[in-house]
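This report refers to the structure that appears directly beneath it.
Note that the coordinates shown come from a computational prediction; the quantities given were computed from them, not determined experimentally.
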Amino acid sequence: MHPFTYKRATDRAEAIRAVADNNNAKFLAGGTNLIDLMKMNVQSPTELVDINRLALKKIEQTPTGLRIGALASNTEVANNALVRANFPVLSEALHAGASPQLRNMATVGGNLMQRTRCYYFMDTAFPCNKRVPGSGCPAIPGFNRIHAILGASEQCIAVHPSDMCVALAALDAVVNVEGPHGARQIPITDFHRLPGDTPHIDTNLHPDELIVSVDLPSAGFAKRSRYLKIRDRAQYAFALVSVAAALDLQQGRINAARLALGGVAHKPWRALDAERVLTGAQSSKMQCRRSTTLSRSSWRSAP
């Protein structure tokens, strides 16, 4: 363990200022991912800024939907009555992720920022472009069973591990952030990045920006939504592949469709071509069979 300093922030401005003043500082919430990375020497921040006392835990209705505070725990969100009734895919995705103990500690903001579980990234005995840019990607010629099949690059084939983020992608969520230069909103589909030539940069969040909340719009497809996860064992395993699906059905016709895939790319993958095929179609067993025969190129086209 490398030495580091610890600071407990009392408000957002103080937290943002502390991280802006130290380019190797990190926000600390539940710590379920960050502390593991520190123990394994994958990340070595020189300062941890504890944000757990900030007022960012509310889950509340808004005129356009639901706002979830960044410090709300995964358990609180998964069990929230408004989430379960109006955004069931999110509740299901959170229950499918990790163990009850981890869900009790993990936060929404931390879940958005969690890093890949690629074996080579997590083991500093191996080179890794995500950990040390330019050092190489041993996963490409090595053991790559759980790696990306969509949106990968010659620099990195790691996959994003979050179940929650796949559900958020299907719900058209928006991430609200604040930094030294003010507040801004980032659509969830733009929040995470594909690896390209910069696999060490996971998101479009600036290093000195703080996630404050996530907005879920009350779209017609949100209530009719489900999450399916395929994994090696029934409990506490990351997805080999997962699907978040949501449909707006009106008189037997699909008015709107949302499909997001997990476990297959560097970010949650929206299957826009598949959504277009479904939109406007009749809801029937025949249509379901047709939708499953979409070519692989259809899934490829939409990060």
Subject >> side chain to side chain contact (heavy atoms under 4.5 Å, CB included) partner of Val214, chosen from Leu66, Leu112, Asn176 >> reply: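 Of the listed options, the one satisfying the test is Leu112.
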**OP:** Could you check Met164, Lys57, Met113 and say which one makes a side chain to side chain contact (heavy atoms under 4.5 Å, CB included) with Val108?
**Re:**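 The residue from Met164, Lys57, Met113 that satisfies side chain to side chain contact (heavy atoms under 4.5 Å, CB included) with Val108 turns out to be Met164.
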Are the side chains of [Y] and [X] in contact, using a 4.5 Å heavy-atom criterion?
| X | Y | value |
| --- | --- | --- |
| Asp248 | Arg224 | no |
| Thr279 | Arg276 | no |
| Arg131 | Tyr120 | no |
| Leu34 | Gln43 | yes |
| Tyr236 | Leu102 | yes |
| Val243 | Ile230 | no |
| Ile68 | Leu216 | yes |
| Lys7 | Glu47 | yes |

[Y] backbone acceptor or donor facing [X] side chain under 3.5 Å:
| X | Y | result |
| --- | --- | --- |
| Thr198 | His200 | no |
| Ser242 | Ala239 | no |
| Arg253 | Gly280 | yes |
| Arg258 | Glu275 | no |

Locate the shortest heavy-atom distance separating [X] from [Y]; write the atom from each residue and the value.
| X | Y | result |
| --- | --- | --- |
| Ala237 | Arg231 | O-CD, 3.7 Å |
| Asp11 | Glu14 | OD1-N, 2.7 Å |
| Ala274 | Leu259 | CB-CD1, 3.7 Å |
| Ala70 | Ile211 | CB-O, 3.2 Å |
| Val166 | Gly262 | CG2-CA, 3.6 Å |
| Lys267 | His192 | NZ-O, 3.2 Å |

Original post:
Could you go step by step and tell me if Thr116 and His266 meet the side chain to side chain contact (heavy atoms under 4.5 Å, CB included) rule?
Top reply: CA-CA 8 Å; Thr116 184; His266 200 258; over 6 Å; no
**OP:** In sequence, state the C-alpha distance, the side-chain angles, and the governing distance for Ile201 and Lys130, and then conclude on side chain to side chain contact (heavy atoms under 4.5 Å, CB included).
**Re:** CA-CA 8 Å; Ile201 305 175; Lys130 180 174 281 296; over 6 Å; no
I'd like to know if [Y] and [X] are part of one continuous hydrophobic network [Ile/Leu/Val/Met/Phe/Trp/Tyr, side-chain heavy atoms within less than 4.5 Å].
| X | Y | value |
| --- | --- | --- |
| Val19 | Tyr6 | no |
| Leu240 | Trp269 | no |
| Val49 | Ile16 | yes |
| Leu71 | Val212 | yes |
| Val175 | Leu56 | no |

**OP:** Step by step, work out the side chain to side chain contact (heavy atoms under 4.5 Å, CB included) result for Met38 and Phe4.
**Re:** CA-CA 10 Å; Met38 292 173 64; Phe4 62 89; 3.6 Å; yes
Original post:
Do you see a donor-acceptor pair shorter than 3.5 Å between the side chains of Asn52 and Asp50?
Top reply: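 Checked: Asn52/Asp50 side chains pair up, N/O donor to acceptor below 3.5 Å.
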Original post:
Quick one: do the Ser73 and Asn104 side chains pair a donor with an acceptor below 3.5 Å?
Top reply: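 No, no side-chain donor-acceptor pair sits under 3.5 Å.
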**OP:** Step by step, work out the side-chain hydrogen bond (donor to acceptor under 3.5 Å, both in side chains) result for Asp215 and Thr62.
**Re:** CA-CA 9 Å; Asp215 285 343; Thr62 67; 5.6 Å; no
Subject >> Candidate pair Asn204 and Asp190, rule side-chain hydrogen bond (donor to acceptor under 3.5 Å, both in side chains), full reasoning >> reply: CA-CA 7 Å; Asn204 287 312; Asp190 296 331; over 6 Å; no
Scan the side chains in residues 77-92 for donor-acceptor partners under 3.5 Å anywhere in the protein, sequence neighbours excluded, and list what turns up.
{"unit_1": "Asn79", "atom_1": "OD1", "unit_2": "His95", "atom_2": "NE2", "d": "3.2"}
{"unit_1": "Asn79", "atom_1": "ND2", "unit_2": "Thr75", "atom_2": "O", "d": "3.4"}
{"unit_1": "Asn80", "atom_1": "OD1", "unit_2": "Leu82", "atom_2": "N", "d": "2.9"}
{"unit_1": "Asn80", "atom_1": "OD1", "unit_2": "Val83", "atom_2": "N", "d": "3.2"}
{"unit_1": "Asn86", "atom_1": "ND2", "unit_2": "Leu82", "atom_2": "O", "d": "3.1"}
{"unit_1": "Ser91", "atom_1": "OG", "unit_2": "Ala78", "atom_2": "O", "d": "2.6"}
{"unit_1": "Glu92", "atom_1": "OE1", "unit_2": "Arg226", "atom_2": "NE", "d": "3.2"}
{"unit_1": "Glu92", "atom_1": "OE1", "unit_2": "Tyr227", "atom_2": "N", "d": "2.8"}
{"unit_1": "Glu92", "atom_1": "OE2", "unit_2": "Arg226", "atom_2": "NE", "d": "2.7"}

**OP:** For Gln251, look at atom CD and say whether over 12 heavy atoms of other residues, nucleotides or ligands are found less than 6.0 Å away.
**Re:**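 For Gln251, atom CD is not crowded (no more than 12 foreign heavy atoms under 6.0 Å).
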**OP:** Determine whether more than 12 heavy atoms belonging to other residues, nucleotides or ligands lie under 6.0 Å from atom NZ of Lys26.
**Re:**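 No - once you tally the heavy atoms of other residues, nucleotides and ligands closer than 6.0 Å, there are 12 at most.
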**OP:** Start with the C-alpha gap between Glu209 and Arg184, add the side-chain angles, then the distance that decides, and say whether salt bridge (charged side-chain N to carboxylate O under 4.0 Å, His left out) holds.
**Re:** CA-CA 10 Å; Glu209 286 183 317; Arg184 67 184 180 117; 2.8 Å; yes
For [X], which residues count as a salt bridge (charged side-chain N to carboxylate O under 4.0 Å, His left out) partner, sequence neighbours excluded?
| X | result |
| --- | --- |
| Arg17 | none |
| Arg12 | Glu178 |
| Arg193 | none |

Original post:
How many angstroms lie between CG in Asn111 and OG in Ser162, if you round to the nearest 0.5 Å?
Top reply: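 So the CG of Asn111 and the OG of Ser162 are separated by 3.5 Å.
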Subject >> Residues Asn41, Thr124; criterion side-chain hydrogen bond (donor to acceptor under 3.5 Å, both in side chains); working and verdict >> reply: CA-CA 7 Å; Asn41 291 320; Thr124 57; 5.6 Å; no
**OP:** Apply salt bridge (charged side-chain N to carboxylate O under 4.0 Å, His left out) to the pair Asp202 and Arg115, showing each step before the final yes or no.
**Re:** CA-CA 8 Å; Asp202 288 334; Arg115 308 203 70 188; 2.7 Å; yes
Subject >> By side chain to side chain donor-acceptor pair (under 3.5 Å) - contacts of Asp123 (at least two apart) >> reply: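 Result, side chain to side chain donor-acceptor pair (under 3.5 Å) vs Asp123: none returned.
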Distance-only donor-acceptor pairs under 3.5 Å for side chains of residues 137-160, two or more places apart:
{"unit_1": "Asn144", "atom_1": "ND2", "unit_2": "Ala139", "atom_2": "O", "d": "3.1"}
{"unit_1": "Asn144", "atom_1": "ND2", "unit_2": "Ile140", "atom_2": "O", "d": "3.0"}
{"unit_1": "Asn144", "atom_1": "ND2", "unit_2": "Gly142", "atom_2": "O", "d": "3.4"}
{"unit_1": "Arg145", "atom_1": "NH1", "unit_2": "Asp232", "atom_2": "OD2", "d": "3.1"}
{"unit_1": "Arg145", "atom_1": "NH2", "unit_2": "Asp232", "atom_2": "OD1", "d": "2.8"}
{"unit_1": "Ser153", "atom_1": "OG", "unit_2": "Gln155", "atom_2": "N", "d": "3.1"}
{"unit_1": "Ser153", "atom_1": "OG", "unit_2": "Cys156", "atom_2": "N", "d": "3.4"}
{"unit_1": "Ser153", "atom_1": "OG", "unit_2": "Gly196", "atom_2": "O", "d": "2.8"}
{"unit_1": "Gln155", "atom_1": "OE1", "unit_2": "Asn129", "atom_2": "ND2", "d": "3.4"}

